[in-house]
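Here is the structure we will look at.
Residue indices begin at 1 and follow the sequence shown.
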Amino acid sequence: MIDSASQSAAHQVDLLDLRVVAIEVALGWGIRMKRWMTFTILTGALLMTTLAPLGATPDATPAPAATKKTFGKTPGGQPVDLYVLTNKNGAEASITNFGGALVTLKMPDRNGKLADLILGFDNVDGYVADKSYFGALVGRYGNRIGHAQFVLDGKTYTLAKNNGENTLHGGIKGFNKALWTAKILSTKGGQSLELGYVSKDGEEGFPGNLKVTVIYTLTDANALKIEYSATTDKKTVVNLTNHAYFNLAGQGSGDILGHLLTIQADQFTPVDSGLIPTGELRDLMGTPFDFRKPTAIGARIDQADEQLKLGGGYDHNFVLRMTMDHGESLAARVVEPTSGRVMEVWTTEPGIQFYTGNFLDGKTVGKGGATYPKRNAFCLETQHFPDSPNQSKFPSVVLNPGETYHTVTTYKFSVEK
Ligand code: GLA
């Protein structure tokens, strides 16, 4: 079942082919020169293909590649895989190509004991039936678009309604229900998996063929990095995220109300009764949304606050301070006091949806027979703000042909004594 060596070799040849084309176009060399170049480069590629399985590529030593195993079949009978990334500390992240979902994330506690920190299912059937977006890649538009429509260049686009009057997480069949292509990459940064999906022009009402690539990397520093890229052939809107539900004491181990949370935000975007932002950027000082200092998630969650009532708890977008002009800024930090586990979220995105699993009902049977009652996990979904296509004051989510959408989010794990 392990075919990583051949996959990484194929990737290297692809890259070399691309380089040949680029050189030819840029310099307009004659036919003979091209033949010579192709011969030389293909010989090189052949050598690399032969050496790759031995770990002898010219790059600095790449990490050993991820492995894959079967994860079941879709209702249509298509085989689905589970890709397992590991690092030198024994940490593990596994990802399925169904919905690109992060299935497990095992990290050590202060005594080195591993636990799986995210909610999910033991096989693809759970993800096919799932309505909570467990661990999934979310697109084309993460979170809500009000009244399931938006206007772009004077044209109104009508989307699929799957949340009352609104569109949630891409519509009826979002990216979380798509079968992605998968390629194991051999990188210097750690074990990586590249997933691909082409969302057709008009899918769920969105314009443009959108070509999406997501790369998951597990590093030796116990970080899980997720890199999202997309291009389009028509002007469109894009907002991609991952919907992992975390419990730093271990999935299925109880509620997350004692986790201490810090969010690097001074404002949040209040919502109406349909959880659509009103457009206001509200100062959170002195409200139950003030997480500028480490505060237990449960400390104020049941306060008589209008916004908490609308969300049934926290289900709001925070406006991140974004300390870095380029690259990722620290967005949030969570400490679980009993295990000592710490998770930091770093991102290039301007917002983060803090959601306390208010819609979980305990009826779903998850991994290892665990059940997931209300508030047994939290989500920190890095994103552009909900309903941005209809909110001219929010950062733009428009992607034009010729541009590349590119965002990065990294979850970094460590322990406190
Ligand atoms: C997001 C939303 C929530 C809910 C979950 C999925 O976090 O903001 O309201 O829809 O996804 O259940």
For residues 145-155, tabulate all N or O donor-acceptor pairs below 3.5 Å that involve a side-chain atom, not counting sequence neighbours.
{"unit_1": "Asp153", "atom_1": "OD1", "unit_2": "Lys235", "atom_2": "NZ", "d": "3.1"}
{"unit_1": "Asp153", "atom_1": "OD2", "unit_2": "Lys235", "atom_2": "NZ", "d": "3.3"}

Query raised in the report: Would a distance-only check, ignoring hydrogens and angles, find a side-chain to backbone donor-acceptor pair under 3.5 Å from Lys367 to Val103?
Result: yes
Requested in this report: Find the distance between CG (Leu117) and CG (Leu248) and round it off to the nearest 0.5 Å.
Outcome: 6.0 Å
**Report entry** Salt-bridge contact Asp81-Lys68 (side-chain N to carboxylate O under 4.0 Å)
**Finding:** yes
Requested in this report: Apply the side chain to side chain contact (heavy atoms under 4.5 Å, CB included) test between Tyr141 and each candidate in Thr241, Val237, Thr167; give the one that qualifies.
Outcome: Val237
Query - Polar side-chain atom of Asn87 near backbone of Asn89 as donor-acceptor pair, under 3.5 Å - result: yes
**Report entry** Lys374/Asp361 ion pair, N-O < 4.0 Å
**Finding:** no
Query - Under 3.5 Å donor-acceptor, Lys417 side chain and Arg110 backbone - result: yes
Query raised in the report: If we ignore angles and hydrogens, is there a donor and acceptor under 3.5 Å between the side chains of Gln264 and Ser329?
Result: no
Report summary line: Exactly one candidate in Phe289, Phe268, Phe378, Tyr355 meets ring pair (Phe, Tyr, Trp, His ring centres under 6.0 Å) with Tyr314; the answer is Phe289
Query raised in the report: Charged N to carboxylate O under 4.0 angstrom, Lys412 versus Glu344?
Result: no
Query raised in the report: In this structure, which one of Thr231, Val212, Leu399 forms a side chain to side chain contact (heavy atoms under 4.5 Å, CB included) with Val238?
Result: Leu399
Query raised in the report: Is a side-chain N or O of Asp116 found less than 3.5 angstrom from the main chain of Gln251, in a donor-acceptor match?
Result: no
**Report entry** Chi angles and distances behind the salt bridge (charged side-chain N to carboxylate O under 4.0 Å, His left out) call for Glu336, Arg341
**Finding:** CA-CA 5 Å; Glu336 199 288 297; Arg341 289 195 188 88; 5.4 Å; no
Query raised in the report: Do other residues, nucleotides or ligands put more than 12 heavy atoms under 6.0 Å from the NZ atom of Lys73?
Result: no
Report task. Anything under 30° is parallel, anything over 60° is perpendicular, the rest tilted; go ahead and classify Trp180 against Tyr197. Result -> tilted
Report summary line: One should read off an interatomic distance between Glu204 CD and Arg140 CZ, to the nearest 0.5 angstrom, of 10.0 Å
Query raised in the report: Looking only at atom types and distance, does a side-chain atom of Glu92 sit under 3.5 Å from a main-chain N or O of Val84, one as donor and one as acceptor?
Result: no
Requested in this report: May I ask you to decide if Leu275's main-chain N or O and Asp272's side chain share a donor-acceptor pair within less than 3.5 Å?
Outcome: yes
**Report entry** Glu416/Arg333 ion pair, N-O < 4.0 Å
**Finding:** yes
Query raised in the report: Does a side-chain heavy-atom distance below 4.5 Å link His243 with Phe134?
Result: no
Requested in this report: Mark yes or no for whether Asn162, through its side chain, and Gly171, through its backbone, hold a donor-acceptor pair below 3.5 Å.
Outcome: yes
Query raised in the report: Would a distance-only check, ignoring hydrogens and angles, find a side-chain to backbone donor-acceptor pair under 3.5 Å from Asp122 to Gly368?
Result: yes
